4 protein chains.
Amino acid sequence: MSTKSPGKTREKLVSAAMELFAKKGFDKTTVDEIVAKAGVAKGTFYLYFKSKDDLIKELAFEVMPIMAMPSLNDPYITLSYPTLESYLLQLGKEFLDFYSENYRADIFFHMLSVRRRMKSLNEIYSQSCSELLREGARRITAYVKVGFEDALIAFQMFLASLMHYLHAGDCLGFSREHYLKKVISAVIHHLKLSASV
Amino acid sequence: MSTKSPGKTREKLVSAAMELFAKKGFDKTTVDEIVAKAGVAKGTFYLYFKSKDDLIKELAFEVMPIMAMPSLNDPYITLSYPTLESYLLQLGKEFLDFYSENYRADIFFHMLSVRRRMKSLNEIYSQSCSELLREGARRITAYVKVGFEDALIAFQMFLASLMHYLHAGDCLGFSREHYLKKVISAVIHHLKLSASV
Amino acid sequence: MSTKSPGKTREKLVSAAMELFAKKGFDKTTVDEIVAKAGVAKGTFYLYFKSKDDLIKELAFEVMPIMAMPSLNDPYITLSYPTLESYLLQLGKEFLDFYSENYRADIFFHMLSVRRRMKSLNEIYSQSCSELLREGARRITAYVKVGFEDALIAFQMFLASLMHYLHAGDCLGFSREHYLKKVISAVIHHLKLSASV
Amino acid sequence: MSTKSPGKTREKLVSAAMELFAKKGFDKTTVDEIVAKAGVAKGTFYLYFKSKDDLIKELAFEVMPIMAMPSLNDPYITLSYPTLESYLLQLGKEFLDFYSENYRADIFFHMLSVRRRMKSLNEIYSQSCSELLREGARRITAYVKVGFEDALIAFQMFLASLMHYLHAGDCLGFSREHYLKKVISAVIHHLKLSASV
DNA sequence: CATGAATGAGCCTTCATTCAT
DNA sequence: CATGAATGAAGGCTCATTCAT
C-alpha cells in the first residue's frame, strides 16, 4: 500500500514531523498526525522513538545553529574566500537561508525555551554552541591577527546579530544584504581596532 | 476561607501563573495549578481570562525586551550618563538583570517560537520591538553624530548581543561585565567609523 | 439527561465497576465501560479515583472476608445463638451467601494474587484479616473454655474451610449445609479436646 | 548468536515466563519481556503458544495444588509414615515448601480469579482438584477406619487450612510447624470421633 | 463575582498478534 | 523453525473549558 523503501521508516517519521512542526508548532502536533503523514501505524512511531519528547531531541539537533553554517566545517573553504568580509558574508547568507525555513527557527526558539527543563537537550545545545563559537573564532584568527578572546566575542556578536535578525529583522525593514553588510563591517572594525591595540 | 482582598483576584492569578511558569514552563503548567496557587476556584479563572492562551499574552507583554530597559523610557536619564559607553552599559546591565529571572527568558523564547501562530502576540512583539529599536537609535543619535540607519543597526547589534548572552553566555565563560564592555566597544567603534565617513 | 441525585456519582461509579468486574474480571474491564455504565463522562472517573488501581482498593475493601460476616461485629448477637454450633453455622451461612455473588470471590482472589505488588492493598488485607481472626477467636472463647491460641487456630481453620469451599466446593458435590455441618463439628471437636487437656 | 540447544526453545520460554511472573505478576509481564529473557524472537513465541493466555494454562497446570504434594502420588510412600499424623505432616510441609516460591501462590490465586472466564482452565482445575481430594481421602482411609465422605471432608479441611496459611499465615504469627501440628490434630480428632460413631 | 462538579475530545503509550522474509 | 518490523485497537489519563448554582 505504501512505498516500501528499505530502512526509510525512521526518515519518513522525522520529515513528517518537521513539516508538521513547521505548520502547527511542536506542542500542537500530535503523534497521530505524524504517523498519518508518514504513512505508518501509530505503534511504529514507538519502535523508533521512545517518546514524542525523544523525537524533538533528534529535530533539535538538526536545527542547531552549527547546522546552519556548513562552510564552517569545510577545511578548504577559506581558499574560496580571500577576505574575512567575504567569508562572513557567506556564513551569514547560509545561516539566514537555513533558517528561512521558518519552522527551523521556531523549533530552535522552542528548544531555547524548554532546554532548562530538558537536561539532555541543554547539554546538546551547550556543546554545539561552544563548538560553533570556537570554530568561528578560529577561522577569524586565520584572517586577522587578533587574540582568540577577541575573535570569540566578535564571532558571538556576529552570530547574535544573525539570530536576532530571525525574529526582529522585519521590525526595521532593512534588506537582508544591507543588514549583513553592516553587521560584518562592524565586526571587522572591532577586530581591526582590537588587533592594533 | 481565604483572605478576600477586593479586586486582587486578577493579580493573584497572574502572579501565581508567573511563579509556576518559572518552575515548570508554560505548557506544563495547568489551570488547576494556577487557581490552586492563587487560592480561587477553577471557574474564576475564566472570569478574568478568555483562555489560557489569553493569559500568556498578558505575560508575554511583561517580558518584552522593552520592559527590560526602563532607562530607555526615562526622558531625563541621559543627564546621568555623559557618554554613550556609560549609557549602553547601564542599559546592558538592566537588560541582563531583568532576564536573570530565568522564567522571563523562557517565556520570551516561548513567545518567539509561537508568535507566528498567534497573530495578536506577533503584533504586540513587532510593535514593541520596533519601538525599542527606534528609541535606542534615537538615544544613540543624541550622543554621536550618525545617521539614523546606522544608529538602528548599531542598537540592534547591541540588543542582539545581549539576547544571545542570555542563552549562549555560559558557552564561553566570559564574565558578564567583560562581555558587555567588549560588545559596547565594538558598537561604538562601528558608530565612530560610520560617522566619519 | 441523566438522573441527577446529589452526591451519588461516586456510588454510581463503584457499583457500575462491581457489576462489570463480575462479568468480565478486573483486568478486562475498562474505565470506558465503567463510565458508560455509570452514565458519566470519562473525566469524572478521575475526579473520584486517582487511577483504576485506586478503585480496586475501594472494591477490595468491600469484598474483604470481614465484610462477609456481619454477625461477627454485632455485640449482642450471641444472645440469639445459644451454642457455638449455631453461631458458627450462622457465620458460615453469611459468608457463603456473601460470596455467592461470584464477582466478590473473583475480586477477592484477584486481590490475593496481586497484593504483594500493591503495598497498600496488602496492608489493608493483613489488618482486616487479623481483626477478623481475633474477633472470631474472642467469640469462641465466650462459648467454650479454651486458650486464645487454640481459639485462633480453630477459627482460622473454620474460615479456611469456608474459603476453600468457594472454589473447591463443587469438586466434591456435598451440599453447602452438609459441608458446613461437618466442618463445624470438626472445629468443635478440636476445641473440646483442647479444652480438656 | 545464541546457544542453540535443539528443542529447548519451548522450555526456555516457559521458564522465562515463570521467572517474570514471579517478579511482576502475570498481567504486567509482556510477551516482549518473555522472549527477551528467553533469547528468542518475538514471532517464535507464537510458534509454541497460540496466545499469551495459552501460556498461562501451561503454567497454571504447574502450580496446581496437586503438584505441591508429590507424596500423594507415590504408591509406596505410606510405608515410611506409620501414622496418619506423620503422613499429613509430610504432605503439609511439601505443600508449604512448594508455594513458598511466592509466584506459585500468585499464579494459583490468579487462576482462581479468572477461571470462571477461562473454560479450559476451569476444567483443568476442577479435575485436578477432585483427584487431589479423592486421593487424599483414599490415603486417609488407609490409616483410619472412616467413611469415605468423612475422609473427604477431613482432607478438604486440611487442604483448606494449608491454602489459607499461604495468604493469612502471617496475620497471626504462629510458626508454620505449630500451625501444621494443630491443624493435623484437629483433623484427626474429627476423624476419630467420626469413626467411633 | 465566585464556585467546583462535570465534561469529553484528545493525548501519549502499550502490547498481543501477524506476516513477509 | 526462526525472525523482527509493522500493526492498530485499545488503554489509562489529562486538562482546558463550561454551566448550574
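Everything quoted here is computed from the prediction, not taken from an experiment. Below, read A as the first sequence line, B as the second, and so on, with proteins coming before strands; counting in each chain starts at 1.
Where D27(C) and K28(B) each meet DNA chain F at their nearest nucleotide, the meeting point lying more 5' is that of D27(C). DNA chain E is contacted by both D32(D) and D32(A); D32(A) maps to the nucleotide lying nearer its 5′ end (nearest heavy atom per residue). Taking the nucleotide of DNA chain E with the nearest heavy atom to each of A41(C) and D53(D), the more 5' of the two is matched to A41(C). Taking the nucleotide of DNA chain F with the nearest heavy atom to each of K50(B) and V40(A), the more 5' of the two is matched to V40(A).
Distance, E11(C) CD to dA5(E) P: 16 Å, rounded to whole Å. The nearest whole Å value for the distance from the CG atom in L13(D) to the P atom in dT3(F) is 10 Å. Atom OH of Y46(D) is separated from atom P of dA16(E) by 6 Å (rounded to the nearest Å). Regarding K8(D), its NZ atom lies at a distance of 13 Å from the P atom of dA2(F), rounded to whole Å. With rounding to whole Å, I56(C) atom CD1 is found 15 Å from dG12(F) atom C1'. Here dG11(F) presents its P atom at 19 Å from CZ of F49(C), a figure rounded to the nearest Å. Regarding I34(A), its CD1 atom lies at a distance of 17 Å from the C1' atom of dG8(F), rounded to whole Å. Note: CZ (F45(A)) to P (dT14(E)) measures 12 Å, nearest angstrom.
For K52(B), the listed nucleotide lying nearest its side chain is dA16(F); candidates were dA16(F), dA6(E), dG12(F). The nucleotide whose nearest atom lies closest to any side-chain atom of K42(A) is, among dA10(F), dC11(E), dA16(F), dA10(F). Closest to the side chain of L47(B), from the set dT3(E), dC12(E), dA16(F), is dT3(E).
Between the side chain of S113(D) and the backbone N or O of H110(D) there is at least one donor-acceptor pair closer than 3.5 Å. The main-chain N or O of Y48(D) is found under 3.5 Å from a side-chain atom of R10(D) such that the two form a donor-acceptor pair. A distance-only check finds a donor-acceptor pair linking the side chain of Y99(B) to the backbone of V63(B) [under 3.5 Å].
Taking the ring axis of F26(B) as reference, the NZ or CZ atom of K52(B) stays within 45° of it and closer than 6.0 Å to the ring centre.
The environment of Q127(B) atom CD is sparse: at most 12 non-hydrogen atoms of other residues, nucleotides or ligands sit within 6.0 angstrom.
Contact check, T9(A) against dA5(F): no side-chain N or O comes under 4.0 Å of OP1 or OP2. A close approach under 4.0 Å does occur between a side-chain nitrogen or oxygen of Y48(A) and OP1 or OP2 of dA6(F). Remark: T30(B) is not in phosphate contact with dC15(F), judged by side-chain N or O atoms under 4.0 Å from OP1 or OP2. Listed pair S51(A) / dC12(E) fails the phosphate criterion, with no side-chain N or O lying under 4.0 Å from OP1 or OP2.
Across all strands shown, dG8(E) forms a Watson-Crick or G-U wobble pair, both distances under 3.5 Å, with dC15(F). With a 3.5 Å ceiling on both atom-pair distances, the Watson-Crick or G-U wobble partner of dT21(E) is dA2(F).
Between H167(B) and F108(A), the two ring planes are perpendicular [angle over 60°; tilted spans 30° to 60°].
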